[in-house]
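See below for the structure under consideration.
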Amino acid sequence: NAIDGLPYADLTCWRDFKQVNKQLTDPKTLSKAKEIYKTIILDTVDVAVQWCESYICSINGISKLADLPYGQGYSLMNKEWFGEINKLANAGYALIFIAHSKEKEKIAPITGEKYTQLCPVGGSQADLVLNLVDMIGYIRSNGLDADGNEIHSSIFFANTREFQAGSRFKYMPKVIKS
């Protein structure tokens, strides 16, 4: 809704996502879809993870993944998530995944020191996305100017103790300021 005239799918559950994903990735519709879309934005990963979990619970008649013995619920969810995201990743679109962040306890590998870092929300499913992407950008507000107008945010592409970020590209700037 942020950009006027930009087509978007108003998704409310994992079944909606699967239906749209099929339209975007099925060999029968892929060429037509790629005429219309060059970039696909999934906003947000953490909500999609919740939808996927609810979907797995629903089709298995359970209230939580742990209700299936021996980790089967988690296994089914990981398989479902990976299958859908992998189809999208292999379809040839430019993909942007948006995720909220949360504090996560980390341990420095050399010193063993504990620290807290802001990381994308979404559990092991978010980790799959993180392993897939070429860049992880952390966007931070720059606040307001003296007149109370919002200053454009900055995006960081370098991992720090404060937040998880990075890039596989050697010449990517570490920060793009407003």
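The structure presented is a predicted model; accordingly, all values stated were derived computationally and were not measured.
Of the inter-residue distances, the one linking K18 atom NZ with C13 atom SG reads 11.0 Å to the nearest 0.5 angstrom. Distance check: Y115 OH to K104 NZ gives 10.5 Å after rounding to the nearest 0.5 Å. The NZ atom of K87 sits 8.0 Å away from atom NZ of K22, with the distance rounded to the nearest 0.5 Å. Between W51 atom CH2 and D16 atom CG the span is 7.0 Å, to the nearest 0.5 Å. Between L132 atom CG and N86 atom CG the span is 7.5 Å, to the nearest 0.5 Å. Distance check: T160 OG1 to K174 NZ gives 11.5 Å after rounding to the nearest 0.5 Å.
With sequence neighbours excluded, no residue satisfies salt bridge (charged side-chain N to carboxylate O under 4.0 Å, His left out) with E150. In this structure, the side-chain contact (heavy atoms from CB on, under 4.5 Å) partners of L68, at least two apart in sequence or on a different chain, are N60, I62, Q72, L76.
Of the residues Q19, E53, E80, the one that meets the side chain to side chain donor-acceptor pair (under 3.5 Å) test with W14 is E80. Among K106, E105, R161, E103, the one residue that satisfies the side chain to side chain donor-acceptor pair (under 3.5 Å) test with T116 is E105.
A continuous path of hydrophobic side-chain contacts links I59 to Y74 [ILVMFWY only; heavy atoms under 4.5 Å]. Cluster membership check: I85 shares its hydrophobic cluster with L30, using side-chain heavy-atom separations under 4.5 Å among Ile, Leu, Val, Met, Phe, Trp and Tyr. I96 and L6 fall into different hydrophobic clusters, where Ile, Leu, Val, Met, Phe, Trp and Tyr residues are linked whenever their side-chain heavy atoms come under 4.5 Å apart, directly or through other members. The cluster map of Ile, Leu, Val, Met, Phe, Trp and Tyr, joined by side-chain heavy atoms under 4.5 Å apart, puts L88 and I98 in different clusters. At a threshold of 4.5 Å between side-chain heavy atoms, the hydrophobic network of Ile, Leu, Val, Met, Phe, Trp and Tyr places Y93 and W81 in one connected group.
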List, one per line, each side-chain donor-acceptor pair under 3.5 Å for residues 134-146, sequence neighbours excluded.
from, atom 1, to, atom 2, distance (Å)
R140, NH1, E162, OE1, 3.1
R140, NH1, E162, OE2, 2.8
S141, OG, G143, N, 3.0
N142, ND2, H152, O, 2.7
N142, ND2, S154, OG, 2.8
D145, OD1, D147, N, 2.9
D145, OD1, G148, N, 3.0
D145, OD1, N149, N, 2.9

Listing, residues 119-127 side-chain donor-acceptor contacts under 3.5 Å, not counting sequence neighbours, or none:
from, atom 1, to, atom 2, distance (Å)
S124, OG, N78, OD1, 3.4
Q125, NE2, N78, OD1, 2.3

Please tabulate, for the side chains in residues 37-50, all donor-acceptor contacts under 3.5 angstrom to protein atoms that are two or more places apart in sequence or on a different chain.
from, atom 1, to, atom 2, distance (Å)
K38, NZ, K34, O, 2.7
T44, OG1, D46, OD1, 3.3
T44, OG1, V47, N, 3.3
D46, OD1, H100, N, 3.2
D46, OD2, H100, ND1, 2.7

Run the side-chain donor-acceptor check on residues 165-172: report pairs under 3.5 Å with partners two or more places apart or on a different chain.
from, atom 1, to, atom 2, distance (Å)
S167, OG, F169, N, 3.0
R168, NE, V133, O, 3.3
R168, NH2, N131, O, 2.8
R168, NH2, V133, O, 3.3

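When all heavy atoms of L130 and Q164 are compared, the closest pair comes out as CD1-NE2, 3.8 Å. In terms of heavy atoms, G73 sits closest to I56 at O-CG2, 4.1 Å. Closest heavy-atom contact between L118 and S101: CD2-OG, 4.1 Å.
N21 places no side-chain N or O within donor-acceptor distance of the main-chain N or O of F17, the cut-off being under 3.5 Å.
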